[in-house]
Chemist: 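Structure below; questions to follow.
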Amino acid sequence: MASFSIKFLAPSLPNPTRFSKSTIVKLNATPPQTVAAVGPPEVAAERLEPRVEEKDGYWILKEQFRQGINPQEKVKIEKEPMKLFMENGIEELAKIPIEEIDQSKLTKDDIDVRLKWLGLFHRRKNQYGRFMMRLKLPNGVTTSAQTRYLASVIRKYGEEGCADITTRQNWQIRGVVLPDVPEILKGLEEVGLTSLQSGMDNVRNPVGNPLAGIDPEEIVDTRPYTNLLSQFITGNSRGNPAVSNLPRKWNPCVVGSHDLYEHPHINDLAYMPAIKDGRFGFNLLVGGFFSAKRCDEAIPLDAWVPADDVVPVCKAILEAFRDLGFRGNRQKCRMMWLIDELGVEGFRAEVEKRMPQQELERSSPEDLVQKQWERRDYLGVHPQKQESYSFIGLHIPVGRVQADDMDDLARLADEYGSGELRLTVEQNIIIPNIENSKIEALLKEPILSKFSPDPPILMKGLVACTGNQFCGQAIIETKARSLKITEEVQRQVSLTRPVRMHWTGCPNTCAQVQVADIGFMGCLTRDKDKKTVEGADVFLGGRIGSDSHLGEVYKKAVPCDELVPLIVDLLVNNFGAVPREREETED
């Protein structure tokens, strides 16, 4: 196998003169949270021996560390997943009938586990023989041509085909069948897309500011950095085995806005813009994650890197995680568990020794993110930093679109903008670079009655995972139910400000219910007749932004049929809602 190398594109960095001392004072920058001076845990020297080694171009778990490993690790050892892409194994696999594939454990594991390294998820439980394909879309930026291509893929699958915007600014397309995969992969490459390394124990889509480059208030354009990260992670879409055998999934983001649209506190690595000695760079947060058994906000690594070291520090952190992370109980394999064991300073030392110069500067007190900042609504029409241009934010109800919808959205981007679309973590779409003279005509487009720039106030903050319509892990249906329940709640109460409500079908919390004002996590429960029904654990109090806070369980196991009155009460008692009957009486 050829040696691995990447040619990086040079990012356009912010002008250092913008960040003078006077500018920093104006931004009210506050020192980052510091870690209390507590002695590091005692860690034996042998614990710091890397558990993986390179062999024939791939990274594998060493023999002496294979006791007590989880089933997914055994699947990786039995056959290297990246060979399905890097050695064209997918070409042969796609020729085998799925019934024949199921007769062999090796090939069955290929379609159920290893294909996730190619972004393909077999929907064995709910869509046997069909796959969801997850893309890599750094910063959520895509083009009209890419959107049309994805629409052409799902259209051929009829009712089985659709697309979802994810909570990581990404596309997932549904209905794919295995024989079509080689041709789809070629089509993705032709339009500049990839699905590589987007599932299982890989680095997920790098999230950035959805208004990057057009926001009059942005701190830094995040697109160059998220693109660099994605190029490194996927080896320029050719595969990067050095970071494809992690103990568990790993989420990065680059912050470019005071609004913290990027949700840094729930990422494994968040780059927070900061100045140090007149140089622009980033303070680092590490370890944020959600799982079925534990949820934690990211914590400061007490480290700052110049802008040029965005990729090297990502590489160093990933190598520390890859080399030392747990590979036993899957619920204890996320990076924060390793940080807990080594201590922040111990983990930092392991990162530092993997940096090119084995040096890592301490964090800067000159954080550029304003702490007292009211998060702006990007839905609707807003002026760009470019004179005479605006962007429009469109509400995509729970992120679900069909092929015709995608074609219509691509047409809008071409006719009114520059052929570009932006996906957001709230499952919406932004079309940038619209000449102001075209806004009036754009607002008259029929498709905007479906994807409104000014949706009802409760719909604005509604997010839902895939649910059990397609996902085998989901306990309840989420997308249609969340829309129906929200519509009914809107008929009963009036609000003057948005309330973020997130629905997730299972404890894996893909819809991030813990950051919502009100969250719903699917479960099974019993109704008043003692019958087993779909229900939800209700979360309350999640916050995003500089004052981030994870919500907590408010009430467990509420039957879905009983959620409307509960939500109405929560909105009235906690969010200033007014019952419609009283509102009409007062009028």
Side-chain angles (χ1 to χ4, degrees), residues 70-72 74-76 78-79 81 83-85 89-135 150-164 166 170-185 187-188 195-196 198-202 249 292 330 398-403 464-481 503-508 510-511 522-524 532 534:
N70 58 62
Q72 289 84 350
K74 294 175 182 177
V75 169
K76 289 189 280 185
E78 190 175 14
K79 179 182 175 183
K83 289 183 179 181
L84 286 169
F85 181 84
I90 184 61
E91 296 279 351
E92 291 304 313
L93 185 65
K95 297 174 184 177
I96 306 173
I98 196 158
E99 294 79 11
E100 186 178 331
I101 285 173
D102 271 353
Q103 294 174 15
S104 160
K105 181 184 182 303
L106 189 68
T107 51
K108 185 172 180 287
D109 285 342
D110 279 344
I111 66 167
D112 287 349
V113 183
R114 298 185 191 95
L115 277 181
K116 293 178 182 179
W117 272 255
L118 279 66
L120 288 156
F121 295 70
H122 185 206
R123 307 288 76 177
R124 177 175 289 277
K125 182 177 178 181
N126 296 338
Q127 275 188 306
Y128 178 75
R130 292 188 179 271
F131 293 77
M132 176 269 282
M133 176 178 268
R134 179 184 295 151
L135 280 298
L150 296 177
S152 73
V153 172
I154 63 174
R155 180 174 284 110
K156 68 184 292 186
Y157 301 123
E159 293 182 358
E160 302 283 356
C162 63
D164 290 326
T166 79
N170 207 355
W171 282 120
Q172 291 182 168
I173 60 173
R174 302 186 181 281
V176 173
V177 293
L178 190 57
D180 293 347
V181 167
E183 194 63 32
I184 293 173
L185 292 174
L188 291 176
S195 62
L196 187 60
S198 60
M200 277 296 286
D201 302 338
N202 282 286
K249 69 178 182 179
R330 292 283 282 183
V398 293
R400 172 64 54 81
V401 293
Q402 307 297 328
C465 76
T466 303
N468 66 10
Q469 179 186 5
F470 296 119
C471 179
Q473 297 191 49
I475 300 167
I476 68 169
E477 197 283 323
T478 55
K479 287 193 181 289
R481 173 176 278 128
W503 287 72
T504 196
C506 76
N508 288 321
C510 294
C523 67
L524 292 178
T532 300
E534 292 189 0

Chemist: State which residues pass side chain to side chain contact (heavy atoms under 4.5 Å, CB included) with Leu185; sequence neighbours excluded, sorted by chain then number.
Modeler: Ile90, Leu118, Met133, Val181, Leu188, Ser195
Chemist: What side-chain donor-acceptor pairs closer than 3.5 Å can you find for residues 110-117, not counting sequence neighbours?
Modeler:
unit_1, atom_1, unit_2, atom_2, d
Asp110, OD1, Lys79, NZ, 3.3
Asp110, OD1, Arg114, NH1, 2.8
Asp110, OD2, Lys79, NZ, 2.8
Asp112, OD1, His122, ND1, 2.8
Asp112, OD1, Arg124, NE, 3.3
Asp112, OD1, Arg124, NH2, 3.4
Asp112, OD2, Arg124, NE, 2.9
Asp112, OD2, Arg124, NH2, 3.2
Arg114, NE, Val75, O, 3.3
Arg114, NE, Lys79, O, 3.1
Arg114, NH1, Leu106, O, 3.0
Arg114, NH2, Val75, O, 3.1
Trp117, NE1, Ser244, O, 2.8

Chemist: Report the distance from atom CD of Gln172 to atom SG of Cys162, rounding to the nearest 0.5 Å.
Modeler: 10.0 Å
Chemist: Is there a side-chain contact between Pro507 and Ile475 (heavy atoms, below 4.5 Å)?
Modeler: yes
Chemist: In chain order, what residues pass the side chain to side chain donor-acceptor pair (under 3.5 Å) check against Gln469, with sequence neighbours excluded?
Modeler: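 Partners of Gln469 by the side chain to side chain donor-acceptor pair (under 3.5 Å) criterion, ordered by chain and then number, come out as Arg400.
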Chemist: Restricting to salt bridge (Lys or Arg N to Asp or Glu O under 4.0 Å), what partner residues turn up for Arg130, sequence neighbours left out?
Modeler: none
Chemist: For a quick test of reading the model, state the closest non-hydrogen atom pair linking Asn468 to Asn126 and the distance between them.
Modeler: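 Scanning both residues, the minimum pair turns out to be O-ND2, 2.8 Å.
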Chemist: Using the test side chain to side chain contact (heavy atoms under 4.5 Å, CB included), find all partners of Glu100 that sit at least two apart in sequence or belong to another chain.
Modeler: Ile96, Pro97
Chemist: Check salt bridge (Lys or Arg N to Asp or Glu O under 4.0 Å) between Lys76 and all other residues, then give those that pass, not counting sequence neighbours.
Modeler: Glu73, Asp201
Chemist: Can you sort out the partners of Glu183 under side chain to side chain donor-acceptor pair (under 3.5 Å), two or more places apart, ordered by chain and number?
Modeler: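 Partners of Glu183 by the side chain to side chain donor-acceptor pair (under 3.5 Å) criterion come out as none, since no residue qualifies.
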Chemist: Taking only residues two or more places apart in sequence or in another chain, which ones pass side chain to side chain donor-acceptor pair (under 3.5 Å) with Lys108?
Modeler: none
Chemist: Considering residues at least two apart in sequence or located in another chain, which fulfil the salt bridge (Lys or Arg N to Asp or Glu O under 4.0 Å) criterion with Lys95?
Modeler: Glu92
Chemist: So, using salt bridge (Lys or Arg N to Asp or Glu O under 4.0 Å) as the criterion, who are the partners of Glu534 when residues are at least two apart?
Modeler: Arg481
Chemist: Side chain of Asp102, backbone of Glu99: donor and acceptor closer than 3.5 Å?
Modeler: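 No, the answer is negative, given that no donor and acceptor are paired below the 3.5 Å cut-off.
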Chemist: Examine distances only and state if a side-chain atom of Thr478 and a backbone atom of Cys465 form a donor-acceptor pair shorter than 3.5 Å.
Modeler: yes
Chemist: So, does Gln127 use its side chain to make a donor-acceptor pair with the main chain of Gly129 at under 3.5 Å?
Modeler: no
Chemist: Measure the spacing between CG of Asp180 and CZ of Phe131 and express it to the nearest 0.5 Å.
Modeler: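 Spacing of CG (Asp180) from CZ (Phe131) equals 11.0 Å.
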Chemist: Quick one: CG on Leu120 to CG on Leu196, what's the gap to the nearest 0.5 Å?
Modeler: 10.5 Å
Chemist: State which residues pass side chain to side chain contact (heavy atoms under 4.5 Å, CB included) with Cys471; sequence neighbours excluded, sorted by chain then number.
Modeler: Arg123, Thr466, Gln473, Ala474
Chemist: If we ignore hydrogens and angles and just use 3.5 Å, is the side chain of Thr504 paired with the main-chain N or O of Cys510 as donor and acceptor?
Modeler: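 Side chain of Thr504 to backbone of Cys510: a pair is present.
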Chemist: With rounding to the nearest 0.5 Å, note down the distance linking CH2 in Trp503 to CD1 in Ile476.
Modeler: 5.5 Å
